[in-house]
Amino acid sequence: MNIKQVPQKALVAVALASCFSAAQATNGYFAHGYGIKAKGMGGASVAMAQDAFAGANNPAAAAFAGNRWDIGAELFSPKRSMTRSGSNLGLDGKVESDRDYFLVPEFGYNRTISKDLSVNLTVYGNGGMNTSYPGGQFTCQNLSTGALYSGNTLCGQGKLGVDMSQLIIAPTIAYKVSPNHSLGISPLLVYQQFKAYGIQPFAMMSGSPANVTNNGKDDSTGFGVRVGYQGKLNDQVSLGAAYSPKIDMKSFDKYKGLFSGNGDFDIPGNYTVGLAFQANPFTVIALDYQRIMYSDVPSVHNPSTNMAPLGASNGPGFGWKDIGVWKIGVQWEATPTWTVRAGYNRGENPIQSRDVTFNILAPGVMREHFTLGGTMAIDKMQEVSFFYMHAREQSVSGISALGPIFQSFGAPATSWGGTERIRMYQNSIGVQYSKKFR
């Protein structure tokens, strides 16, 4: 392969990734895995080096991945809905999010510079705060005039939803400190976009009412880092670990009246540790544990019950708690041409009952993911990989915040919002083409 072709491929991948929202509300708003092979194994990857996605999984893996590039895409389908019952406000009913399919591309390139030094470029995305509920489904009341009107499920005008996506470009360098152990580092160049619409009533709660909703897309940039270790203890056991501290992002000025800290929306710190066990010459079992610290980001972590204006440093947020995620995967080389994979990913639900109303906008409630995958070797230098993921339906219910909100602005004391339940299940498929080179 001609090395001069690589920047062109990277540019194409970056352009593709910029064009699509990464709506992957799986482990919170992190994907269940990065790279099609890892996705087929429940996301387990930190102790393995079988593709060019080191910048997303473990920078140290670049030292063992060889010369290759991988480009793939995932068709992700989350099904989201909410119901409300027992409301005295005329807001009972069920509504489903309209946006059900998202194309999520990813790209990785790895090259060995010397026997100890390797470089890598990974392009990938996060996302998941993405919903679009139809408007005009509910009967609402103007608290100032008493007039009735048709509104969305949160009594805003028009469609209701948010759209958040993050594009991450991770150039990587990895060095073998000994033949079987490596260290790596990936600077993380981050670009994110956000928009919200149909939440006009929330402006009443904000210190900056004009910067809450229907302001179109806003973007921000930031710079972070991921560091990693990977090592082979013996012929059977490999270990891996990776860590990325919180990434400070430029604030969303158009939504400084919505997010805590005047529009602040950073990326939470996270770490992963794991091992891979070569059970026999044809079978590998991998186990990862990941921790995502949503408490790093007040706009995500602050309880929605905080008694402060939206947009303030202690203003209401989505109430997401830190979560732990277990990922286990099995890979079996059935023939020289075919390799098959299976995996299971179990994470904690970051959303609590008290915060159900705010999380109608971002119902990241998933806990269990079941995956299958495989690779077909075209020849010694080319292969095609694929995977399928199903996440079982999960839900969270709680007392609606609409009653207390409306009462605080003059609604009768007998008005209350009833009980709300948010639900989601997911299916996803993906394919990846890989090319090795000398």
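The chain is numbered in sequence order, starting from 1.
For the pair Ser400 (side chain) and Leu402 (backbone), a donor-acceptor distance under 3.5 Å is present. Of the possible polar contacts, one joining the Asp288 side chain to the Ser45 backbone as a donor-acceptor pair under 3.5 Å is found. Between the Arg226 side chain and the Gly184 main chain, no donor and acceptor come within less than 3.5 Å of each other. Under the 3.5 Å distance criterion, the side-chain polar atoms of Asn110 are left unmatched by any main-chain donor or acceptor of Arg68. The backbone N or O of Ala241 lies less than 3.5 Å from no partner atom in the side chain of Thr272, so there is not a single donor-acceptor pair. A donor-acceptor pair is defined here as one N or O able to donate and one able to accept, closer than 3.5 Å; such a pair exists between the side chain of Tyr133 and the backbone of Ile360. Judged by distance alone, with hydrogens and angles left aside, the side-chain atoms of Asn57 form no donor-acceptor pair with the main-chain N or O of Ala47 at under 3.5 Å. Between the side chain of Asn67 and the backbone N or O of Thr112 there is at least one donor-acceptor pair closer than 3.5 Å. Not a single donor-acceptor pair under 3.5 Å links the side chain of Ser385 to the backbone N or O of Gln432. Of the possible polar contacts, none joining the Ser304 side chain to the Gly319 backbone as a donor-acceptor pair under 3.5 Å is found.
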TODO: Run the numbers on Lys246 and Asp266 for salt bridge (Lys or Arg N to Asp or Glu O under 4.0 Å), then give the verdict.
DONE: CA-CA 7 Å; Lys246 183 184 76 168; Asp266 297 330; 3.7 Å; yes
Open item on the list: Working note: Asp70 + Lys435, criterion salt bridge (Lys or Arg N to Asp or Glu O under 4.0 Å); need CA distance, chi angles, decisive distance, verdict.
Closed with: CA-CA 7 Å; Asp70 305 88; Lys435 173 76 172 180; over 6 Å; no
TODO: Decide yes or no on side chain to side chain contact (heavy atoms under 4.5 Å, CB included) for Met82 and Arg421, but give the supporting numbers first.
DONE: CA-CA 5 Å; Met82 68 79 57; Arg421 182 182 296 272; over 6 Å; no
Open item on the list: Show, in sequence, the C-alpha distance, side-chain angles and deciding distance for Tyr109 and Trp69, and conclude whether the ring-ring contact (aromatic ring centres under 6.0 Å, His included) test is met.
Closed with: CA-CA 4 Å; Tyr109 169 79; Trp69 57 265; 8.6 Å; no
Task: Step-by-step ring-ring contact (aromatic ring centres under 6.0 Å, His included) determination, Tyr124 to Phe53 - done: CA-CA 9 Å; Tyr124 64 103; Phe53 291 97; 8.5 Å; no
Open item on the list: The test is side chain to side chain contact (heavy atoms under 4.5 Å, CB included); show your working for Met376 and Trp338 and say whether it passes.
Closed with: CA-CA 5 Å; Met376 181 188 72; Trp338 286 96; 3.8 Å; yes
TODO: Evaluate salt bridge (Lys or Arg N to Asp or Glu O under 4.0 Å) for Arg367 paired with Glu348, printing each intermediate quantity in order.
DONE: CA-CA 6 Å; Arg367 295 188 63 189; Glu348 297 174 276; over 6 Å; no
- [ ] Given salt bridge (Lys or Arg N to Asp or Glu O under 4.0 Å), test Asp100 with Lys79 step by step and report yes or no.
- [x] CA-CA 6 Å; Asp100 292 337; Lys79 303 289 187 178; 3.3 Å; yes
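Within the 4.5 Å cutoff, side-chain heavy atoms of Gln192 are placed close to those of Phe265. For the pair Val396 and Asn349, the minimum side-chain heavy-atom distance is below 4.5 Å. Residues Thr172 and Ile185 form no side-chain contact, since every pair of their non-hydrogen atoms from C-beta on lies 4.5 Å or further apart.
Across Asn58 and Val46, no two heavy atoms sit closer than the pair ND2-O, 2.8 Å. Of all non-hydrogen atoms in Val225 and Pro245, the two that sit nearest each other are O-CD, 3.5 Å.
Inspection of the Thr339 and Thr375 side chains reveals no N or O donor paired with an N or O acceptor under 3.5 Å. A side-chain donor-acceptor contact under 3.5 Å links Arg84 and Thr153. For the residue pair Ser251 and Asn262, no side-chain donor N or O sits within less than 3.5 Å of a side-chain acceptor on the partner. In this structure, a donor-acceptor pair under 3.5 Å is absent between the side chains of His32 and Asn27. Thr357 and Glu420 share a donor-acceptor pair across their side chains, judged by distance under 3.5 Å alone. Defined by atom type and a distance below 3.5 Å, a donor-acceptor pair is missing between the side-chain atoms of Ser395 and Arg423. A donor atom on one side chain and an acceptor atom on the other are found under 3.5 Å apart for Asp379 and Gln382.
Taking the six-membered ring where the residue is Trp, Tyr255 and Phe194 present perpendicular rings, their angle passing 60° and hence far from 30°. Using a 30° and 60° split on the angle between ring planes, His181 and Tyr229 fall in the parallel class, below 30°.
To the nearest 0.5 angstrom, Ser428 atom OG is 3.0 Å from Glu74 atom CD. Rounded to the nearest 0.5 angstrom, Gln166 CD and Ile267 CD1 are separated by 4.0 Å. In this structure, Asn302 CG and Ser260 OG are separated by 4.0 Å, a value rounded to the nearest 0.5 Å.
In the displayed structure, Lys176 atom NZ is contacted under 6.0 Å by more than 12 heavy atoms of other residues, nucleotides or ligands. Remark: Asp235 CG is loosely packed, at most 12 non-hydrogen atoms of other residues, nucleotides or ligands lying under 6.0 Å away.
Between Asp219 and Lys217 there is no salt bridge, since no side-chain N of the basic residue sits under 4.0 Å from a carboxylate O of the acidic one. One finds no salt bridge joining Glu333 and Arg341 here, because no Lys/Arg side-chain nitrogen approaches an Asp/Glu carboxylate oxygen to under 4.0 Å.
Just one residue in the list Tyr294, Phe30, Phe358 forms a ring-ring contact (aromatic ring centres under 6.0 Å, His included) with Trp320, and that residue is Tyr294.
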